[in-house]
Each structure stands twice: as C-alpha cells, then as structure tokens.
2 protein chains.
Amino acid sequence: MAHAHPDLTKNQALVFGKLSDASGPLTAYALLDNLRENGFRAPLQVYRALDKLVDYGLVHRLESLNAFVACRHKGCADHKTAAFAICETCGNVQEFSPDRAMEDLLRWTREQEFKLSRTTIELRGICRACSASQQA
Amino acid sequence: MAHAHPDLTKNQALVFGKLSDASGPLTAYALLDNLRENGFRAPLQVYRALDKLVDYGLVHRLESLNAFVACRHKGCADHKTAAFAICETCGNVQEFSPDRAMEDLLRWTREQEFKLSRTTIELRGICRACSASQQA
DNA sequence: CCCTGATTGTTATATTATTACTTAGGTACT
DNA sequence: AGTACCTAAGTAATAATATAACAATCAGGG
Ligand SMILES: [Zn+2]
Ligand SMILES: [Zn+2]
Ligand SMILES: [Zn+2]
Ligand SMILES: [Zn+2]
C-alpha cells in the first residue's frame, strides 16, 4: 500500500488524506472546498500538492475527468502504467494493470523509436453493479 | 479517408476543414480564433460542431491535451479504438490502431463484466525526429 | 399553412488551471 | 549570528476550457 516517497508536507498530506478517504475521484476544486476548514484558501495550494503526489505515484490524474484518485492499486509501483475503468453511472473507478496491453504499446513505441514518458489508458462504460441494478 | 456520416452542416464543415488543414491538434479556442473571419463569434459554435464530428468519427479528442485532431488513420472505421502518440517536443500526434492492446483490455472488460463504451489511449513522449535532432 | 425537429446565434456563467509575486522555514557554510 | 540557497506555502489576479439558458432561423412533412 505504501509507495516509496519523501515525507509529505502538510498540504500534501491533507490532500492525500482527502483523496484516500474519498470513495471516488475528486476534482481539484472539490478538494479545495473540502479543505477550507483546514486553512486552504486558493486553488494553487491544491494543484501544487497534487503535482507532487502524482509525481510520487500516490495519486493518479484521470485525464478524461479532470479529476484525481488516490492509488489503490497494490502493485502499482511494480508497473509502468495503470489503467482505469470509469463507470459513467455511479462514478466508481477501478484501477488495474494492463500488462499485456502495455507490452503491445511498448512494441509499437520501439518500432517507431518513440521515447515514451507517460501513458494514459482510460475506459468509460458501465460497471457490473450498475448493469445488474439497471435490469431490475 | 472518407468515413460514413451525414452531410456536414456549414459550421461542422468549417471546423472539420480547419482541423484537416492543421498539422497538429487544435484546441476549441484556437479553432474559434481561426474561424472568426468565417463568422464564428462564440465557443459554442465550435463545441457543437466538434461534438458532432467526434460522434461521426471524423475527429478525435485528445483528453490529455484538451485538443482535437482530424482523423488521419486510414483504417479508423475498422477499429473500435484509436491510440495516439503525442510528442511533447514538437507537438506532433501520430494515430495508430492498438489492436493487440485492445484485445487485452477487452478481455479485462469481459472478465469484469464492464460494459465498455469508449476507450482513451494516449502516449506522451518524444518522437523519433525530435530525438534525432536533439542529438545534433 | 402549421407543426416539428435540427441548427444556429448570443449572452452569460461555470469549471479548470496557471502566472506573478510575496512570505516563511530549513540547511549549509562563514 | 549572518548570509546564501532552496523548498514550501500564501495570496491575488487572470487565463484557458466548457456549458447553461434562451432566442432566432430554417427545412420537411402533413
Ligand atoms: Zn496506481
Ligand atoms: Zn457503476
Ligand atoms: Zn481515427
Ligand atoms: Zn517530435
């Protein structure tokens, strides 16, 4: 569960705490609102903390949502890339390691001599739970 | 090169034209600026056209850039998903079909009974040309 | 003609992210 | 102690991206 990273600063710890407690992704401004009672006043306090947390691998940014989730993927540090399945009905996000898929993408980057630095894989759809409850 | 789609309306054709002429991705507001001489005045004129064009598969949205590219992928209609390699040095975007990768992602969705509706795959890095010129 | 649905125009506003500048703390060296 | 240096944090203003709400126009079909 723990990744290797420097000690978190006060603001980083506050933001990471909120994200860890949340049941799903939060936007930067949702975090700001949730942290006003902790003294947060300005977006930059959130964005700066998020930058570091993403850098440390503790938090992932979901590009298609402009939102952030705490990493709950046990093996995340072992993998170059995480993928996300985002339910458009309930908002839940499931993180997984698309190892085979990454192999194929890496093969493509080798063939093209593309120096990969970051990969985004996001699936949008409806999760099993929501599909089941819709049928009722 | 041509996809199956209804005739484009005036605004859709203007937006698609600009994107087709562009050498890389354009943001909605860049399109708006480029189309002011064609009578465009407001963001919605661009966003509404883009919505349709993306729907028709003529244009792709790059989530990690908040920008749009005309589809130049010959076989795009034959594939469920396109992937994009975005050079962070020159801004060029290369589209390709990650067929093997999608197979793996689809296997995951079947196992999880996740009803997939849309997939985003975006690679960030440095393209071959930029790597080569950096060495000079 | 009248109804309907799609498209467009226009204004205002919401949401997301960054720039610029300042203040505060800690560490290292003198 | 004093200074230089670095990182973090605070604050205000603004930029960039996206949508809501409502009015006007236009094309077909009955
Ligand atoms: Zn993770
Ligand atoms: Zn769901
Ligand atoms: Zn395409
Ligand atoms: Zn390049």
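On a predicted model such as this, the values are computed, not experimentally measured, just so you know. Chain identifiers are assigned alphabetically (A, B, ...) following the order of the sequence lines, protein sequences preceding nucleic acid strands; residue numbering begins at 1 within each chain.
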### Message
Can a donor-acceptor pair be found, under 3.5 Å and without considering hydrogens, that links the side chain of B:R72 to the backbone of B:S20?
### Response
yes

### Query
Residues from residues 22-39 of chain A sitting under 4.0 Å of DNA chain C, heavy atoms only?
A:T27, A:Y29

### Query
What's in the same ILVMFWY side-chain cluster as B:L105, cut-off under 4.5 Å, chained through other members?
A:F96, A:M102, A:L105, A:L106, A:W108, A:F114, A:L116, A:I121, A:L123, B:F96, B:M102, B:L106, B:W108, B:F114, B:L116, B:I121, B:L123

### Query
If each of A:K52 and A:L44 is mapped to the nucleotide of DNA chain D with the nearest heavy atom, which maps nearer the 5' terminus, i.e. the 5' end?
A:K52

## Note on the structure
Hits for salt bridge (Lys or Arg N to Asp or Glu O under 4.0 Å) against B:E37, two or more places apart or cross-chain, chain-then-number order -> none

### Query
By salt bridge (Lys or Arg N to Asp or Glu O under 4.0 Å), which residues pair with A:R100, not counting sequence neighbours?
none

### Whole angstrom value for the distance that separates P of C:dT8 from CG of B:L8
10 Å

### Query
So does B:E103 pair up with B:R107, basic N to acidic O under 4.0 Å?
no

### Task
Round to the nearest Å and state the distance from A:Q45 atom CD to C:dA20 atom P.
19 Å

## Note on the structure
Note: for B:R48 and A:R48 on DNA chain C, the residue whose nearest nucleotide lies more 5' is B:R48

#### Entry: Derivation and outcome, ring-ring contact (aromatic ring centres under 6.0 Å, His included), residues A:F68 and A:H60
CA-CA 6 Å; A:F68 302 83; A:H60 298 293; over 10 Å; no

### Task
Look at A:N66 and C:dA17 and indicate whether a side-chain polar atom (N or O) is within less than 4.0 Å of OP1 or OP2.
yes

### Query
How is B:R41 classified with respect to the nucleic acid when contacts are heavy atoms under 4.0 Å: base, sugar-phosphate, or nothing?
sugar-phosphate

#### Entry: Euclidean distance, atom CG of residue A:L50 to atom P of C:dT18 [Å, nearest integer]
11 Å

### Query
Can we say A:R118 and A:E63 salt-bridge, meaning some charged N sits less than 4.0 Å from an Asp/Glu carboxylate O?
yes

### Query
According to the salt bridge (charged side-chain N to carboxylate O under 4.0 Å, His left out) rule, which pairs have a member within residues 122-131 of chain B, sequence neighbours left out?
A:E113-B:R128, B:E88-B:R124

### Where chain A begins and ends its contact with DNA chain D, read 5' to 3' at 4.0 Å from heavy atoms
D:dA8 to D:dT11

